[in-house]
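Structure first, commentary second.
Proteins get letters first, then strands, A, B, ... in listed order; numbering begins at 1 in each. Values below: every heavy atom of this structure, side chains too, minus hydrogens, waters and symmetry copies.
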2 protein chains.
Amino acid sequence: MTTEEKIIKAAEEVFIEQGYDGARMQEIADRAEINKAMLHYYFRSKDMLFEKIFEEKVKVVFPTISEQMKSYEGFTDKVCFFIEQYYEILIKYPFMPFFVISTINRKDDKHFIDKLPFGFIKEIFFESFFSDLQSGKIREVNPFQFAISVMGMSVFPFLTRPAMKKLIGINDEQFQMLMQQRIEELKNYVRLILIPTNHA
Amino acid sequence: MTTEEKIIKAAEEVFIEQGYDGARMQEIADRAEINKAMLHYYFRSKDMLFEKIFEEKVKVVFPTISEQMKSYEGFTDKVCFFIEQYYEILIKYPFMPFFVISTINRKDDKHFIDKLPFGFIKEIFFESFFSDLQSGKIREVNPFQFAISVMGMSVFPFLTRPAMKKLIGINDEQFQMLMQQRIEELKNYVRLILIPTNHA
DNA sequence: AAATGATTTAACCAAATGGTTAATTTTTGA
DNA sequence: TCAAAAATTAACCATTTGGTTAAATCATTT
């Protein structure tokens, strides 16, 4: 493991746990078991190190689901598949949503928003939406609002994990199980919302 | 306006905008137009000042909706009413959700979770749930998962406001309008999920 | 008006923090 | 083998930050 890799691994941990403001360069150095000067030697400043980590991590959270997505024809199926794939990632990286959201909400530095791959979301949620709407395969919902809802339902428990765990009284393992079950539940909700009732 | 009130107002602003770590005592003093020593005179330390603000603000975000909630009989109606009331508060205080979530996610200090009024949520979502389920008035959904979903759909756009605005390309005013429209959309989703289709 | 207590201020402090530097060790390539 | 380049370290630095203090001002009561 090279020094650079050690730094990135440690920086990931610390930034994700503590956020930009809470993170300390010394702590990153300690966890990487290297001299603090190395951080600046490899990444110049705290800002540039953070930037690097954020870009790297965003690539993980918003992966190229869209590729596989194309094999699904209908909008409903696409959304359901998205939930499945997204949850696989979320369960693997449960701290990611809070990291991303706390970063894009930083008062002074709003430029991180531009690093989010919006195209990806648009592709998933709007591509087959209108054709399915016209052919009557889905109900008349607002695509924006619906997209926000699916994202919100998916991500919210991960943003409130500490509170969730306390509210329901569970540990990390049980939380993970609950999230696993949640996939089917959410897919069910999506179908109930989208698929019209056939008044035979 | 007393000095104490000036401090609280300024501290609210700064803590909500910058978070605990990002907030500076000097900036709070500047905005309140008082000497920094007054902050410690009235609230001893940054921690105690923050505690005060958090407690105060939580009372606003989780108000006594539950009282009015009781006049609604059915579970579906209760949830719809909750969304209405909750959105009134959210539109008024759009920064609150991020403030609360970033606080309960603080690594070192997880005790803020205990200050959240969980009872309130339980009351709303579980009280009439089971009776309505047994009488067949609502579909068989998991009450936990459903509660998380409603909360998530409601709160998510406020957590991602800066990104939302950029994604859809709107300003603050338009965002507020979008959220106003969202109330009906969400109530619709809730009904579609909960109310069973009558197979006549 | 004087004494008392509460409030406010300016100056100060120690610790922490991001960042630098000059010297040292390790690696590399001719 | 040896010099140049790259990597690493310890010590250091300027600034910022939460917090303190002692003196000054203001308000209240007698």
Would you say the ring centroid of Phe126(B) lies under 6.0 angstrom from that of Phe146(B)?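 Aromatic pair excluded; centres sit 6.0 Å or further apart.
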If you compare every side-chain N and O of Ser45(A) against the phosphate oxygens of dG18(C) (OP1, OP2), does one of them come in below 4.0 Å?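 Answer no for this pair, as no side-chain N or O of Ser45(A) is under 4.0 Å from OP1 or OP2.
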Does Arg24(B) make a side-chain N or O approach to OP1 or OP2 of dT16(D) shorter than 4.0 Å?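 The answer is no; no side-chain N or O of Arg24(B) sits under 4.0 Å from OP1 or OP2.
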For the pair [X] and [Y], find out whether any cationic side-chain nitrogen is under 4.0 Å from an anionic carboxylate oxygen.
X	Y	value
Glu27(A)	Arg31(A)	yes
Glu13(B)	Lys9(B)	yes
Lys115(B)	Glu51(B)	yes

Please determine, for the side chain of [X], which listed nucleotide ([options]) has the closest atom?
X	options	result
Tyr41(A)	dA6(D), dG18(D), dG19(C)	dA6(D)
Met38(A)	dT9(C), dT8(D), dG18(D)	dT8(D)
His40(B)	dT8(C), dT9(D), dG19(D)	dG19(D)
Lys46(B)	dA10(C), dG18(C), dG18(D)	dG18(D)

With hydrogens left out and only the distance checked, is there a donor-acceptor pair under 3.5 Å joining Lys36(B)'s side chain and the base of dG19(D)?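 A donor-acceptor contact between them is present.
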Going by atom types only, do Tyr87(A) and Arg182(A) share a side-chain donor-acceptor pair under 3.5 Å?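 Yes, side-chain donor-acceptor contact under 3.5 Å.
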To the nearest Å, how far apart are Leu39(A) CG and dT20(C) C1'?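 Roughly 13 Å, once rounded to whole Å.
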Take atom CE of Met25(B) and atom C1' of dT20(D), then tell me their distance rounded to the nearest Å.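 From Met25(B) CE to dT20(D) C1': 12 Å.
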Comparing Tyr42(A) and Asp47(B) on DNA chain D - which has the more 5′ nearest nucleotide: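 The 5'-side residue here is Tyr42(A).
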On the six-membered ring of Phe98(A), is Arg161(A) placed so that its NZ or CZ lies under 6.0 angstrom from the centre and within 45° of the ring axis?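 Output no; distance or angle outside limits.
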Within 45 degrees of the axis of the six-membered ring of Tyr20(B) and under 6.0 Å from its centre: does Lys46(B) put its NZ or CZ there?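 Satisfied, under 6.0 Å and within 45°.
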With DNA chain C as reference, determine whether Tyr20(A) or Ala37(B) sits nearer its 5' end, using the nearest nucleotide of each.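 Its nearest nucleotide lies further toward 5', so the answer is Ala37(B).
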Runs of at least three Watson-Crick or G-U pairs with DNA chain C, cut-off 3.5 Å: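 As far as DNA chain C goes, consecutive pairing (with distances under 3.5 Å) yields the stems C:1-30 with D:1-30.
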